Amino acid sequence: MTMKIGTGQFKERVDQGINDSFMRGAVAGAQERIGTRRNDVISELNWEEWRSHGEEIRQHVLEHLDYYLEQLSENVAKRGGHVFFAQTGEEANEYIQQVVAKKDAKKVVKSKSMVTEEISLNTALEQAGCEVIETDLGEYILQVDDHDPPSHIVVPALHKNKEKIRDVFSEKLGYQLTSKPEELAGHARKKLREEFMAADIGITGCNFAVAETGSFSLVTNEGNADLVTSLPKTQITVMGMERLVPTFEEMEVLVSLLTRSAVGQKLTSYITVLTGPREELDVDGPEEFHLVIVDNGRSNILGGDFQSVLQCIRCAACVNACPVYRHVGGHSYGSIYSGPIGAVLSPLLGGYDEYKELPYASSLCAACTDACPVKIPLHELLLKHRQIIVEKEGKAPISEKLAMKAFGLGAASPLLYKMGSKIAPMAMNPFTDGDKISKGPGPLKAWTEIREFPAPNKERFRDWFKNREKGGKQ
Amino acid sequence: MMQGTIQNRDAFLNQIASRLGRERLSAPLPRPAWQYQPQDEVLKDATVNELVEVLKTHCLKIHTSFVMTDLQNLPETLEKTIADYGNESIVTWKDQRFSDWGLDPLLKDTLPRQNIDVYEWDYTRGAENIRQAEKANIGITISEITLAESGTVVLFSDKDRGRTVSFLPKTFICLIPKSTIVPRMTQAARIMREKHLQGNNISSCVNFITGPSNSADIELELVVGVHGPVKAAYILIDDL
Ligand code: SF4
């Protein structure tokens, strides 16, 4: 798996997504269910203050990233862990292959990690002669189904229904029970238990590393990360270089923001804070611990217009709020990073050549920006991308120049304004079925050619638009 | 503990500093003065008993059974809980508190006499501990810090407190001294940080556990019990 998923052109992918009715229903259902739970659980808090605190923590860390990474690495080494700084995905993979060779490892169990997908670690491990088993249930399903690509950052197999999963399990794993989720999960549990007990190496991602103590945290509901980090003799943790905080106190705040935003839970079932390999007389936990810190294009984002995207904590709240994602599904983005965060991040990490259409996969309704627990101005970053793309190419890749004017360059567009105001009285909830627009202006055109398009969140849209008109920056 | 190695650091960090348009930072950074601290507001003025109520109510949401008892009735409560979860094999930490709380007769005599295996963690037996935990139906642990807001117990691993006791068995029973209750994760993070600043090594594994393991990866339908325990029970002990 690389960052890029699928082979079709942008429009084909979108077309496929829109014509997959199970997927569309599943996405809509997921957005509603996760969205409702999230709203419930954030309404108990002074959420705006929490977001501001999240934002200030993430900004502070990015501004002092070299300092905190140095501190982190010192403290990991002090506790007996090995730290490898990898500028590129290849460097990270090579290092991990060396560890595999030294350990003569044959079986690797993994817990969910976006960054390892981004750098195609699984392929590298297979080349090194290892069997790789993904242990997050959703990832496992995708893997068993011949590496079907993920369609959601938090719920990777969202596009698959249970009958399909049953068929895949029957064909590949000799499964004989029904399509009830608990039976399917029970089967996976049994199979994966055997794998955990036999694995030589456990590989995890990292939700937040803690510079002051050299620790890092893993957030799951299934408990798979705990087995990955307590049974194999060797553990390798791969982290994107920006995923750290100064101390446990900031870790706690970000974990709280993450679990609430991602799944609408106050905390997930398992939050595990690990420091170094196991201690001398401990029985479980790894004897050897490696931390691989990956740049892979991130440092190029620092210090520029897009720095704030590195604040991201991968909660997918923006994905769950996005009317475009709802309409076209995760695979349309052609990247493991889908939804608004994917539309901002994929062109930065994977290049404009590959992902120039993605910044247009947005109605700029700002629902993503509102949802983001660390206040990344996602829709502004999408606009920024569009400006850059147009400067580079002299034209927008999927729509006319006019659109750029309307959206990005400050010129008022009557059509756009009409869209904002006309929709407003129509519905309280912009995501209900009766709430669609069939003709979008500018950037929406390529999308609405195919199908009706759900209306943006009008209140926010109008506020944003008014502000733009006044020349204000939001 | 052997010092670990660090590779390729300088070039990597120099690149970051140069992108940020400055020299590498070398002097220690002071703690930032945060402008916002909303976490302190949560359950700020709650009494211990109010926190217990919050915890108890939240247990309903996290598929976790909750019983309250006192030290005198603990053996009976635990015996009943074990029976509720099938009266089969048990693995426990090695922890002096089990004895202090009068649980020896139950764990070392009553249950074994009913042919219920009770395995106590013993690091000298190495990997055998993990085999025992994998076989066991019930794992029994003790919460060091308990978060009322989220219904979370916090476990610190060490040689006598194996990580897998809380993951491998089908049922997770956690004993919660009432004195360990705090409002939320904020206080736990501070306790951990304090410990570190006082020069103590933080455990290699600190687990924040909130109910049984679960997943919504198949059609977003909640399945309780995926890789870790299928069932969870908290026993709150009034030790105040
Ligand atoms: S951009 Fe914000 S909302 Fe989207 S995944 Fe990242 S942190 Fe979550």
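In the text below, chain A, chain B and the rest are named by the order of the sequence lines, each starting its count at 1. Everything numeric here is computed off the predicted structure, so don't read it as measured data.
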task = Measure the shortest side-chain to side-chain distance between Gln39(B) and Ser256(A) over non-hydrogen atoms and say whether it is less than 4.5 angstrom.
result = no
Scanning both residues in full, the closest heavy-atom pair of Glu70(A) with Leu13(B) reads CB-CD1, 3.8 Å
Turns out that what part of Ile57(A) lies under 4.5 Å from chain B's heavy atoms comes down to both
Got a salt bridge between Glu219(B) and Arg166(A), using NZ or NE/NH1/NH2 to carboxylate O under 4.0 Å? no
Tell me whether Glu74(A) is salt-bridged to Arg9(B), with the criterion being a basic N under 4.0 Å from an acidic carboxylate O.
yes
So, the part of Val154(A) with a heavy atom under 4.5 Å from chain B: the answer is backbone
Verify, without hydrogens or angle tests, whether Arg19(B) (side chain) and Ser299(A) (backbone) share a donor-acceptor contact under 3.5 angstrom. yes
Do Leu231(A) and Phe167(B) come close enough that some side-chain heavy atom pair is under 4.5 Å?
-> no
Heavy atoms of Leu267(A) and Met185(B) approach each other most closely as CD2-SD, 3.8 Å
The interface call for Asp160(B) against chain A, heavy-atom contacts under 4.5 Å, is neither
In this structure, CG of Leu72(A) is separated from CD1 of Ile6(B) (nearest 0.5 Å) by 9.0 Å
Whatever's closer than 4.5 Å to a heavy atom in chain B on Thr268(A) counts as backbone
Cut-off 4.5 Å, heavy atoms of chain B, and the answer for Glu288(A) is neither
If one checks every heavy atom of His60(A) against chain B at 4.5 Å, the contacting part turns out to be side chain
Here the gap from His227(B) atom NE2 to Leu192(A) atom CG, rounded to the nearest 0.5 Å, amounts to 5.0 Å
* Counting distance only, does the side-chain N/O of Glu56(A) pair as donor-acceptor with the main-chain N or O of Tyr36(B) below 3.5 Å? -> yes
All heavy atoms of Gly303(A) vs all of Leu20(B), minimum pair found to be N-CD2, 4.3 Å
Salt bridge check, Arg193(A) against Glu134(B): does any charged N sit closer than 4.0 Å to a carboxylate O?
yes
Applying a strict 4.5 Å limit to non-hydrogen atoms, the region of Val206(B) in contact with chain A is both
Practice item. Taking only Lys NZ, Arg NE, NH1 and NH2, and the carboxylate oxygens of Asp or Glu, determine whether Arg33(A) and Glu221(B) approach each other closer than 4.0 Å. Key: no
